[in-house]
**Q** 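Dropping a structure here in C-alpha coordinates format, bear with me for questions.
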Amino acid sequence: MTKNTMGTKLPRKLEQKMQIVGEQIRLARLRRNLSMAQVAERATCSPLTVGRIEKGAPTVAVGIYLRVLYVLHLDDDILLLAKEDAMGKVLQDLSLKKRERASKKE
(Lines give C-alpha, C1' and ligand atoms only; values in the text may rest on other atoms or scores of the structure.)
Protein backbone atom coordinates (compact mmCIF):
# COMPACT_ATOMS: atom_id res chain seq x y z
CA MET A 1 0.00 0.00 0.00
CA THR A 2 1.41 3.38 -1.00
CA LYS A 3 1.48 6.32 1.34
CA ASN A 4 -0.78 9.23 0.43
CA THR A 5 1.30 12.42 0.56
CA MET A 6 -1.34 14.78 -0.80
CA GLY A 7 -2.07 15.99 2.73
CA THR A 8 1.45 17.36 3.14
CA LYS A 9 1.76 19.14 -0.21
CA LEU A 10 0.63 22.75 -0.25
CA PRO A 11 0.10 25.11 -3.17
CA ARG A 12 3.17 27.26 -3.81
CA LYS A 13 1.44 30.39 -2.49
CA LEU A 14 0.71 28.68 0.84
CA GLU A 15 4.23 27.25 1.05
CA GLN A 16 5.59 30.79 0.73
CA LYS A 17 3.28 32.02 3.49
CA MET A 18 4.34 29.16 5.77
CA GLN A 19 7.98 30.06 5.15
CA ILE A 20 7.25 33.68 6.07
CA VAL A 21 5.52 32.59 9.29
CA GLY A 22 8.48 30.35 10.10
CA GLU A 23 10.92 33.19 9.51
CA GLN A 24 8.87 35.51 11.72
CA ILE A 25 8.91 32.92 14.51
CA ARG A 26 12.68 32.49 14.08
CA LEU A 27 13.23 36.24 14.30
CA ALA A 28 11.03 36.45 17.41
CA ARG A 29 13.12 33.70 19.03
CA LEU A 30 16.37 35.44 18.15
CA ARG A 31 15.11 38.81 19.44
CA ARG A 32 14.45 37.11 22.77
CA ASN A 33 17.94 35.61 22.67
CA LEU A 34 16.58 32.07 23.02
CA SER A 35 18.13 28.99 21.51
CA MET A 36 16.13 26.38 19.64
CA ALA A 37 16.79 24.00 22.53
CA GLN A 38 15.39 26.46 25.07
CA VAL A 39 12.23 27.05 23.04
CA ALA A 40 11.85 23.31 22.45
CA GLU A 41 12.17 22.52 26.15
CA ARG A 42 9.61 25.15 27.14
CA ALA A 43 7.22 24.11 24.35
CA THR A 44 7.70 20.40 25.19
CA CYS A 45 8.85 19.43 21.74
CA SER A 46 12.19 18.64 20.13
CA PRO A 47 14.68 21.18 18.76
CA LEU A 48 14.18 19.43 15.40
CA THR A 49 10.49 20.36 15.54
CA VAL A 50 11.32 23.99 16.33
CA GLY A 51 13.64 23.97 13.33
CA ARG A 52 10.86 22.58 11.14
CA ILE A 53 8.51 25.31 12.38
CA GLU A 54 11.09 27.96 11.55
CA LYS A 55 11.36 26.51 8.03
CA GLY A 56 7.59 26.60 7.63
CA ALA A 57 7.01 22.85 7.51
CA PRO A 58 3.29 22.19 6.90
CA THR A 59 3.39 18.84 8.68
CA VAL A 60 3.93 20.27 12.17
CA ALA A 61 0.70 20.21 14.16
CA VAL A 62 -0.97 23.53 14.80
CA GLY A 63 -0.93 22.77 18.53
CA ILE A 64 2.85 22.73 18.51
CA TYR A 65 2.92 26.02 16.62
CA LEU A 66 0.69 27.41 19.39
CA ARG A 67 2.98 26.11 22.14
CA VAL A 68 5.99 27.75 20.48
CA LEU A 69 4.05 31.01 20.08
CA TYR A 70 3.10 30.77 23.77
CA VAL A 71 6.76 30.38 24.76
CA LEU A 72 7.54 33.51 22.71
CA HIS A 73 4.56 35.39 24.25
CA LEU A 74 2.97 35.65 20.80
CA ASP A 75 0.03 33.31 21.37
CA ASP A 76 -2.53 36.13 21.20
CA ASP A 77 -1.50 36.65 17.57
CA ILE A 78 -3.42 33.47 16.67
CA LEU A 79 -6.62 35.41 17.34
CA LEU A 80 -5.83 37.58 14.31
CA LEU A 81 -6.37 34.64 11.94
CA ALA A 82 -9.52 35.14 9.88
CA LYS A 83 -10.51 38.09 12.06
CA GLU A 84 -11.29 40.40 9.16
CA ASP A 85 -13.28 38.09 6.89
CA ALA A 86 -14.04 40.68 4.21
CA MET A 87 -15.08 38.14 1.57
CA GLY A 88 -17.32 36.28 4.02
CA LYS A 89 -19.01 39.52 5.06
CA VAL A 90 -19.67 40.47 1.43
CA LEU A 91 -21.11 37.03 0.70
CA GLN A 92 -23.28 37.25 3.79
CA ASP A 93 -24.56 40.69 2.79
CA LEU A 94 -25.39 39.42 -0.70
CA SER A 95 -27.41 36.55 0.67
CA LEU A 96 -29.52 38.70 2.98
CA LYS A 97 -33.02 39.10 1.69
CA LYS A 98 -34.25 42.62 1.23
CA ARG A 99 -37.23 43.28 3.40
CA GLU A 100 -40.24 44.71 1.68
CA ARG A 101 -42.60 47.10 3.34
CA ALA A 102 -46.18 46.11 3.82
CA SER A 103 -48.62 48.05 1.71
CA LYS A 104 -50.40 50.90 3.46
CA LYS A 105 -53.91 50.09 4.52
CA GLU A 106 -56.53 52.53 3.32
Side-chain angles (χ1 to χ4, degrees):
M1 186 167 169
T2 61
K3 184 178 178 183
N4 182 1
T5 58
M6 284 303 292
T8 61
K9 186 67 177 158
L10 293 176
R12 180 174 290 130
K13 189 175 181 179
L14 292 179
E15 282 182 356
Q16 292 169 341
K17 288 179 181 182
M18 288 295 296
Q19 289 173 352
I20 291 168
V21 168
E23 179 66 15
Q24 291 170 337
I25 290 172
R26 185 180 82 78
L27 291 173
R29 176 182 61 80
L30 293 174
R31 285 186 202 108
R32 287 156 179 76
N33 201 26
L34 295 170
S35 69
M36 280 187 179
Q38 289 171 315
V39 171
E41 181 180 346
R42 294 174 190 179
T44 63
C45 64
S46 72
L48 178 64
T49 300
V50 174
R52 291 175 60 225
I53 286 172
E54 292 183 359
K55 290 178 182 160
T59 55
V60 178
V62 70
I64 298 173
Y65 271 89
L66 287 172
R67 291 196 318 241
V68 168
L69 290 172
Y70 179 77
V71 167
L72 299 172
H73 302 283
L74 295 171
D75 51 301
D76 284 341
D77 287 2
I78 199 73
L79 299 175
L80 300 175
L81 292 175
K83 182 180 179 189
E84 298 297 324
D85 183 13
M87 180 186 287
K89 289 176 183 176
V90 168
L91 291 171
Q92 182 182 27
D93 290 345
L94 288 174
S95 69
L96 293 176
K97 294 181 180 177
K98 297 201 178 206
R99 294 169 42 166
E100 296 181 23
R101 298 185 108 171
S103 60
K104 292 184 179 181
K105 295 182 181 179
E106 293 184 27

**Q** Any side-chain heavy atom of R32 sitting closer than 4.5 Å to one from L74?
**A** yes
**Q** Any side-chain heavy-atom pair from L66 and D75 closer than 4.5 angstrom?
**A** no
**Q** Any chance CD of E41 has more than 12 other-residue heavy atoms, nucleotides or ligands included, within less than 6.0 Å?
**A** no
**Q** Can you confirm whether R67 sits close enough to R42 that some side-chain heavy atom of one is under 4.5 Å from a side-chain heavy atom of the other?
**A**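 No, side chains not in contact.
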**Q** Minimum heavy-atom separation for M18 to L10, with atom names?
**A** CG-CD1, 3.9 Å
**Q** What are the two closest heavy atoms between A37 and P47, and how far apart are they?
**A**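 So the two residues come closest at CA-CG, 4.1 Å.
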**Q** Hey, is E15 close enough to K9 for a salt bridge, meaning N to O under 4.0 Å?
**A**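 Judged by the 4.0 Å cut-off on N to carboxylate O distance, E15 and K9 do form a salt bridge.
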**Q** Is the shortest side-chain heavy-atom distance between I25 and Y65 below 4.5 Å?
**A** yes
**Q** What do you reckon, is CG of D85 surrounded by more than 12 foreign heavy atoms closer than 6.0 Å?
**A**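 Enclosed.
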**Q** Do L69 and D77 have side chains that get closer than 4.5 Å, going by heavy atoms?
**A**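 No, too far: nothing below the 4.5 Å cut-off.
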**Q** Provide the closest heavy-atom pair for A43 versus V71 in the form atom of the first, atom of the second, distance.
**A** N-CG2, 3.6 Å
**Q** I want to check something: taking the side chain as every heavy atom from C-beta on, are I20 and E23 in contact at a cut-off of under 4.5 Å?
**A**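 Side-chain contact under 4.5 Å: no.
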**Q** Taking the side chain from R52 and the backbone from L48, do they hold a donor-acceptor pair closer than 3.5 Å?
**A**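 Not a single qualifying donor-acceptor pair exists.
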**Q** So does K13 have more than 12 non-hydrogen atoms from other groups sitting under 6.0 Å from NZ?
**A**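 Atom NZ in K13 is not packed in, count stays at 12 or less.
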**Q** Is V60 linked to L14 within one hydrophobic cluster, defined over Ile, Leu, Val, Met, Phe, Trp and Tyr using a side-chain heavy-atom separation of less than 4.5 Å?
**A**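 Cluster IDs for V60 and L14 match.
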**Q** Using the salt bridge (charged side-chain N to carboxylate O under 4.0 Å, His left out) rule, take E54 and R29 through it: C-alpha gap first, then chi angles, then the decisive distance, then the call.
**A** CA-CA 10 Å; E54 292 183 359; R29 176 182 61 80; 2.5 Å; yes
**Q** Checking L72 against L34 for the side-chain contact (heavy atoms from CB on, under 4.5 Å) test, could you report, in this order, the C-alpha distance in whole Å, the side-chain angles of both residues, the deciding distance, and whether it holds?
**A** CA-CA 9 Å; L72 299 172; L34 295 170; 4.0 Å; yes
